[in-house]
Amino acid sequence: MLIVTGASGKLGRMIVDALLHNVPAERIGVSVRAPEKVADLAKRGVRVRRGDYSEPDSLRHAWEDAERILLVSSNAAATGGDPLKQHETAIAVAKEVGVQRLFYTSQVSSSPDSQFPPGRDHAATEKMLASAGIAWTALRHGFYADSMLAMNAKGFESGVLTGPEDGKVAWTAHEDLAAVDALLLAGREFIDGPTPPLTGNEAFDLTDLAHLAGEASGRTIERCFVSEDIMVENAQRAGAPAGAIAVMVGYYRAARAGEFATLDPTLQKLLGRQPTAVRDVFERIFS
């Protein structure tokens, strides 16, 4: 059985939907904290069971008869939790139940020296996978285009993208990554260990995005530079958690360092088509 965790989230659900085009529903299982959110999948023949990275017994039940498991990375750090402890638990249970291969949603910034806190967590998790004695694949995703939209939602609405100096980012669509993740999980394609960067074919900074968004929306959208200190003060005043602020600061530092700028043809090769363009993302949002 092929197991997808986090299937009630955007990426996990897209992976399951793509997987249904590659294998019969009865070969697919999902592991979610709230099974009622994916009741429609059960009606389609997918096995739905409750599974929580913080509760090993729930994972043992959810992952019964698993051949391959796709671990969607935890975002617990943003709210003060410990994603590495959760990943450690998940990897240990996967080994215990005899899984043949683990897939993990990593990121292009994965490095112990990354300026981006999630990048350091991804590197630490990949190290756990490498020493676990299980076959594994780390899916090094490009930075999600949807994250760009969420991070700058107020700016797109107000017409001013505000933030410190940044750098080019190879923004990548969820649907493209989900399609490739499903191909690998289904065994239609094979990559062992860390994948090459799974990115779109274009890299843009905030100044570029302001221009592209302006073209798509028919409005003038400006880019306003502020210091990191001012950005942090504004975030604290708005009540943002400390973990979320650390991720935000780390994003700008990592972008300036070029950690998200790499362009690689692997995603296009596996998709068999051009990845979704950022212009198309904006056209869809602003239309």
Side-chain angles (χ1 to χ4, degrees), residues 2-16 29-35 37-38 48-63 66 68-97 99 101-112 114-132 134 136-144 146-147 150-151 172 174 177-178 181 184-185 194-195 198 240-251 254:
L2 310 179
I3 304 294
V4 179
T5 71
S8 58
K10 181 165 187 173
L11 178 66
R13 178 54 190 254
M14 283 188 169
I15 293 170
V16 175
V30 299
S31 168
V32 293
R33 286 179 294 180
K37 292 184 177 180
V38 292
V48 176
R49 291 186 179 180
R50 182 179 177 278
D52 188 315
Y53 287 171
S54 298
E55 300 175 19
D57 284 343
S58 74
L59 299 182
R60 293 183 183 100
H61 176 66
W63 298 352
R68 301 172 187 162
I69 300 173
L70 190 148
L71 303 177
V72 173
S73 58
S74 168
N75 62 357
T79 54
D82 186 351
L84 294 183
K85 179 61 179 175
Q86 292 186 340
H87 294 165
E88 182 181 38
T89 297
I91 293 168
V93 172
K95 184 174 183 178
E96 179 185 325
V97 301
V99 68
R101 178 172 290 272
L102 269 179
F103 294 82
Y104 168 73
T105 59
S106 187
Q107 210 237 20
V108 293
S109 66
S110 176
S111 167
S114 176
Q115 301 269 13
F116 191 48
R120 298 193 293 272
D121 288 344
H122 289 312
T125 301
E126 289 183 10
K127 186 176 180 180
M128 291 181 205
L129 288 165
S131 62
I134 308 173
W136 62 284
T137 301
L139 304 156
R140 288 193 173 175
H141 288 172
F143 214 112
Y144 300 141
D146 278 9
S147 295
M151 286 160 42
T172 312
H174 269 75
L177 293 166
D181 292 351
L184 290 162
L185 180 59
T195 67
L198 300 173
I245 293 174
V247 170
M248 182 167 54
V249 172
Y251 162 78

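The side-chain contact (heavy atoms from CB on, under 4.5 Å) check on Asp146 picks up Lys10, Leu149, His174, with sequence neighbours excluded. Under the side-chain contact (heavy atoms from CB on, under 4.5 Å) criterion, Ala34 pairs with Glu36, Lys37, not counting sequence neighbours. A search for side-chain contact (heavy atoms from CB on, under 4.5 Å) contacts involving Glu88 returns Lys85, Met128, not counting sequence neighbours. Residues satisfying the ring-ring contact (aromatic ring centres under 6.0 Å, His included) test with Tyr251, not counting sequence neighbours, are Phe143, Phe260. Remark: Ala7 pairs with Val16, Val30, Val32 by the side-chain contact (heavy atoms from CB on, under 4.5 Å) rule, at least two apart or across chains.
Heavy-atom minimum distance, Trp136 versus Ala130: NE1-CA, 3.5 Å. Here the closest heavy-atom approach between residue Pro117 and residue Gly250 is recorded as CD-CA, 4.0 Å. Summarising the geometry of Glu126 relative to Pro194, their closest heavy-atom pair is OE1-CG, 4.1 Å, with the distance given to 0.1 Å. Across every non-hydrogen atom of Ala94 and Trp63, the tightest pair is N-CZ3, 3.8 Å. The two atoms that bring Gly12 and Val72 nearest to each other are CA-CG2, 4.4 Å, heavy atoms only. Of all the heavy atoms in Val93 and Leu59, the pair that sits closest is CG1-CB, 3.8 Å.
Checking side-chain atoms of Ser8 against main-chain N and O of Val38 turns up no donor-acceptor pair under 3.5 Å. Distance alone, capped at 3.5 Å, places no donor-acceptor pair between the Ser110 side chain and the Gln107 backbone. Within the 3.5 Å criterion, the main-chain N or O of Pro35 finds no donor-acceptor partner in the side chain of Arg50.
Proximity of Leu139 to Ser106: side-chain heavy atoms (C-beta onward) are nowhere separated by under 4.5 Å. Using a 4.5 Å heavy-atom threshold, the side chains of Leu2 and Ile69 count as separate. No side-chain heavy atom of Ser31 sits under 4.5 Å from any side-chain heavy atom of Val4.
Considering CZ of Arg140 and CG of Leu198, their distance stands at 10.0 Å, rounded to 0.5 Å. Once rounded to the nearest 0.5 Å, the distance linking CD1 of Ile3 with CG of Leu71 reads 11.0 Å. Note that CG of Leu102 is 5.0 Å distant from CD1 of Ile134, once rounded to the nearest 0.5 Å. We find the CD1-OG1 distance between Ile91 and Thr125 to be 6.0 Å, quoted to the nearest 0.5 Å. The CG atom of Leu11 sits 4.5 Å away from the OH atom of Tyr144 when rounded to the nearest 0.5 Å. We find the CD1-CZ distance between Ile15 and Phe103 to be 10.5 Å, quoted to the nearest 0.5 Å.
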Exercise for review: Decide yes or no on side-chain contact (heavy atoms from CB on, under 4.5 Å) for His141 and Thr172, but give the supporting numbers first.
Suggested key: CA-CA 8 Å; His141 288 172; Thr172 312; over 6 Å; no
Check your understanding: Are Asp181 and Leu70 close enough, and set up right, to give a side-chain contact (heavy atoms from CB on, under 4.5 Å), and what steps lead you there?
Key -> CA-CA 9 Å; Asp181 292 351; Leu70 190 148; 4.1 Å; yes
Practice item. Show your reasoning for whether side-chain hydrogen bond (donor to acceptor under 3.5 Å, both in side chains) applies to Thr5 and Tyr53. Key: CA-CA 9 Å; Thr5 71; Tyr53 287 171; 2.8 Å; yes
Review point. Checking side-chain hydrogen bond (donor to acceptor under 3.5 Å, both in side chains) for the pair Arg120/Ser111: CA distance, chi angles, key distance, verdict?
Key: CA-CA 5 Å; Arg120 298 193 293 272; Ser111 167; over 6 Å; no
Review point. Checking side-chain hydrogen bond (donor to acceptor under 3.5 Å, both in side chains) for the pair His87/Asp121: CA distance, chi angles, key distance, verdict?
Key: CA-CA 10 Å; His87 294 165; Asp121 288 344; over 6 Å; no
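At most 12 non-hydrogen atoms from other residues, nucleotides or ligands lie less than 6.0 angstrom from CZ of Arg33.
Ring pair His122/Phe116: centre-to-centre distance not below 6.0 Å.
Sequence neighbours left out, not one pair with a member in residues 240-251 passes salt bridge (Lys or Arg N to Asp or Glu O under 4.0 Å).
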